[in-house]
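Okay, so here's the structure we're looking at.
Values below: all heavy atoms of this structure, side chains included; hydrogens, waters and symmetry mates excluded. Just so you know, these numbers come straight off a predicted model, no measurement behind them.
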Amino acid sequence: IIEVVLGDNIRVRPGEKIPIDGIIIEGESSINESMVTGESIPVDKTKGDTVIGATINSTGSFTFKATKVGEATMLAQIIKLVQQAQGSRAPIQRLADMVSSYFVPVVLMLAIATFVLWYNFGADPVLTRALLNTVAVLIIACPCAMGLATPTAIMVGTGRGAEHGILIKDAESLETAHKITTIIFDKTGTLTQGKPVVTDILPLSSGILRPAKQDEESLQREVLHLAASLEKGSEHSLAEAIVKAAEEQKLTLSKVEKFHAIAGHGVEGILDGKKMVLGNKRLMAQEQIALDAVLPQIEKLESEGKTVMMLATGGILSALIAVADTLKPTAIEAVAQLQRMGITTVMITGDNTRTAHAIAKLLGIKNVLAEVLPQEKADKVRQLQNNNSTIGNWKLEIGNSHKRVIAFVGDGINDAPALAAANVGIAMGTGTDVAIEAAGITLMNKDLRSVVTAITLSKKTMRTIKTNLVWAFGYNIILIPVAAFGLLNPIFASVAMAASSISVVVNSLLLKKKKI
């Protein structure tokens with residue numbers, strides 16, 4: 001494998017393990033990705049799909065191009081993240097450290113007091129009894145169990161998460177997740193497939209110059225041709241839908257001059273000597289293009305959960321293009337499970353209000369932040385953290401808890417600031433590298449129910465840590481007086497001390513058996 005370099009073409013036969021990450025350039029197959037995503041069902045892959053190193057090819061044969069090698073591969077990154085998480089310190093560890101900082105001096109003073117009391121008031125041989133009881137106090141008070149309580153549970157918890165396709169970057173994220181009160185979901189690519197399709201093309205009679213007797217189908221093809229030519233230079237998911245629709249109709253796209261993508265608004269450029277703009281209502285308002293005549297049509301499409309884009313040519317509205325994105329199969333169930341856990345759900349999107357509410361209604365989400373520009377997402381997170389329930393024009397039903405803990409779930413480059421600003425950032429593993437880097441937890445599969453699993457894992461890990469700490473402290477508090485009064489032989493104190501450490505480790509290992 002060390003001989004493989006970027007750009008190499010590699011053939012994988014049925015039953016073989018895929019050596020490194022890449023993109024299929026020829027052939028198709030079903031691939032078992034359970035070791036990465038936690039999904040037991042093989043995933044069908046064809047030309048253009050990505051493959052992950054260390055996953056297993058099930059049936060077909062294919063050739064793929066190497067895109068990541070060495071430490072850049074997903075498996076190497078997973079190993080790095082798990083090691084980083086297992087070596088990090090959870091905030092609750094600070095409690096144990098603080099208690100230990102007082103506990104150790106107190107124990108030393110108790111040991112000295114035990115020696116002095118037994119030496120002065122004990123029965124003969126006083127020195128032997130004083131030394132034995134002092135040693136027994138020191139042995140029984142050894143804080144090994146306290147030191148093991150948190151890191152052993154963290155190691156098992158992060159490992160268990162990795163088995164289910166949940167990568168936890170640091171122990172703090174694992175601890176904070178069980179406190180989450182509100183989860184904000186980005187819409188596109190997170191709650192939805194992120195692969196919208198063109199559903200409606202409505203040419204307007206006052207728009208594009210064309211032969212007078214052109215039929216409706218030809219008009220739609222012309223609109224799609226112009227829109228796709230404009231959007232070819234954009235990376236937005238809606239742009240991809242338009243370009244893909246044009247490719248399916250085998251349209252030849254034209255060259256656009258002075259192309260410019262306007263974040264949160266749309267695109268513009270010059271085509272055949274005319275300025276063309278394609279985007280949302282904000283862009284039309286910016287270009288001073290009236291929409292009054294087509295508002296009923298726009299509202300009807302938006303009420304169906306479709307995103308409507310407007311195409312204007314030479315300052316005149318030419319057509320409406322509606323695009324719809326389908327929900328992820330597990331989105332509705334994941335939202336319902338979170339709500340049953342008492343967690344408030346919020347959807348945030350750049351879509352217009354009507355479309356956003358139509359999609360939120362399908363999901364069962366009452367709280368919606370619509371028409372939010374990419375750069376505004378992090379600000380909305382901070383406003384919610386500051387206990388605001390009214391954000392701009394939006395009144396949210398999220399209560400006024402002073403202990404509000406916000407999680408943000410997203411996948412795009414524009415989600416990275418919000419993921420970093422949230423108390424817990426949760427990135428979809430299918431998203432961008434920037435989003436994954438900014439998040440504390442990464443879901444390697446597309447199953448949104450993994451958000452519920454991550455919170456459940458956090459709760460059970462924290463419960464294990466607290467049980468460990470109670471056992472460790474309780475054991476010391478109970479047995480130190482017993483040793484001080486000379487009722488515990490140092491040999492039995494050694495056995496008891498070892499048993500306490502073993503019990504903490506065993507309790508942490510039991511986390512592997514708990515259902516999440």
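- The two residues A438 and A416 make their nearest non-hydrogen contact at CB-O, 3.6 Å.
- Closest of all the heavy-atom pairs between A496 and I140 is CB-CD1, 3.7 Å.
- A donor-acceptor pair under 3.5 Å is absent between the side-chain atoms of T344 and the main chain of T182, judged by distance alone.
- Rounding to the nearest 0.5 Å gives a distance of 10.0 Å between CD1 of I502 and CE of M497.
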Please determine whether side-chain contact (heavy atoms from CB on, under 4.5 Å) holds for the pair V69 and V5, giving the CA-CA distance in whole Å, both sets of side-chain angles, and the decisive distance to 0.1 Å.
CA-CA 7 Å; V69 297; V5 296; 6.0 Å; no
Test side-chain contact (heavy atoms from CB on, under 4.5 Å) on K328 and M428; report intermediate values, then the result.
CA-CA 12 Å; K328 285 186 176 176; M428 305 302 293; 3.7 Å; yes
Determine, stepwise, if the pair F64 / D49 fulfils side-chain contact (heavy atoms from CB on, under 4.5 Å).
CA-CA 9 Å; F64 74 96; D49 290 336; over 6 Å; no
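- Taking the side chain as every heavy atom from C-beta outward, D8 and K65 never approach each other to under 4.5 Å.
- Looking at T190 and L448, their side chains come closer than 4.5 Å, going by heavy atoms from C-beta outward.
- The one candidate from K377, Q383, R382 that meets the side-chain hydrogen bond (donor to acceptor under 3.5 Å, both in side chains) condition with D379 is Q383.
- Applying side-chain contact (heavy atoms from CB on, under 4.5 Å) to L191 and the options I365, L362, I359 leaves one that passes, I365.
- The shortest side-chain heavy-atom distance between T150 and N468 does not fall under the 4.5 Å cut-off.
- The backbone N or O of A360 lies less than 3.5 Å from no partner atom in the side chain of K187, so there is not a single donor-acceptor pair.
- Taking the side chain as every heavy atom from C-beta outward, I180 and I343 approach each other to under 4.5 Å.
- The two residues I139 and P490 come nearest to each other via the heavy atoms CD1-O, 3.9 Å.
- Enclosure of atom CD1 in I491 is not indicated, since only 12 or fewer non-hydrogen atoms of other residues, nucleotides or ligands lie within 6.0 angstrom.
- Screening residues 110-151 for ring pair (Phe, Tyr, Trp, His ring centres under 6.0 Å), with sequence neighbours left out, gives F115-Y119.
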Test side-chain contact (heavy atoms from CB on, under 4.5 Å) on N57 and R13; report intermediate values, then the result.
CA-CA 7 Å; N57 181 30; R13 293 183 290 266; 5.7 Å; no
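- For the pair T134 (side chain) and T114 (backbone), a donor-acceptor distance under 3.5 Å is absent.
- Side-chain contact check for I18 versus I56: every heavy-atom pair is 4.5 Å or farther apart.
- Among T73, I31, D21, the one residue that satisfies the side-chain contact (heavy atoms from CB on, under 4.5 Å) test with I52 is D21.
- Considering every non-hydrogen atom in both T55 and N32, the closest pair reads CB-O, 3.4 Å.
- The CD1 atom of I455 sits 12.0 Å away from atom CG of L174, with the distance rounded to the nearest 0.5 Å.
- Between V452 and A334, the shortest heavy-atom contact is CG2-O, 3.9 Å.
- With hydrogens and angles ignored, the 3.5 Å screen pairs a side-chain donor or acceptor of N423 with a backbone N or O of I406.
- Residue-environment remark: CD (E28) stays at or below the threshold of 12 foreign heavy atoms within 6.0 Å.
- When atom types are taken as modelled, the side chain of R160 and the backbone of K514 share a donor-acceptor pair closer than 3.5 angstrom.
- Of all the heavy atoms in N445 and H164, the pair that sits closest is ND2-O, 3.6 Å.
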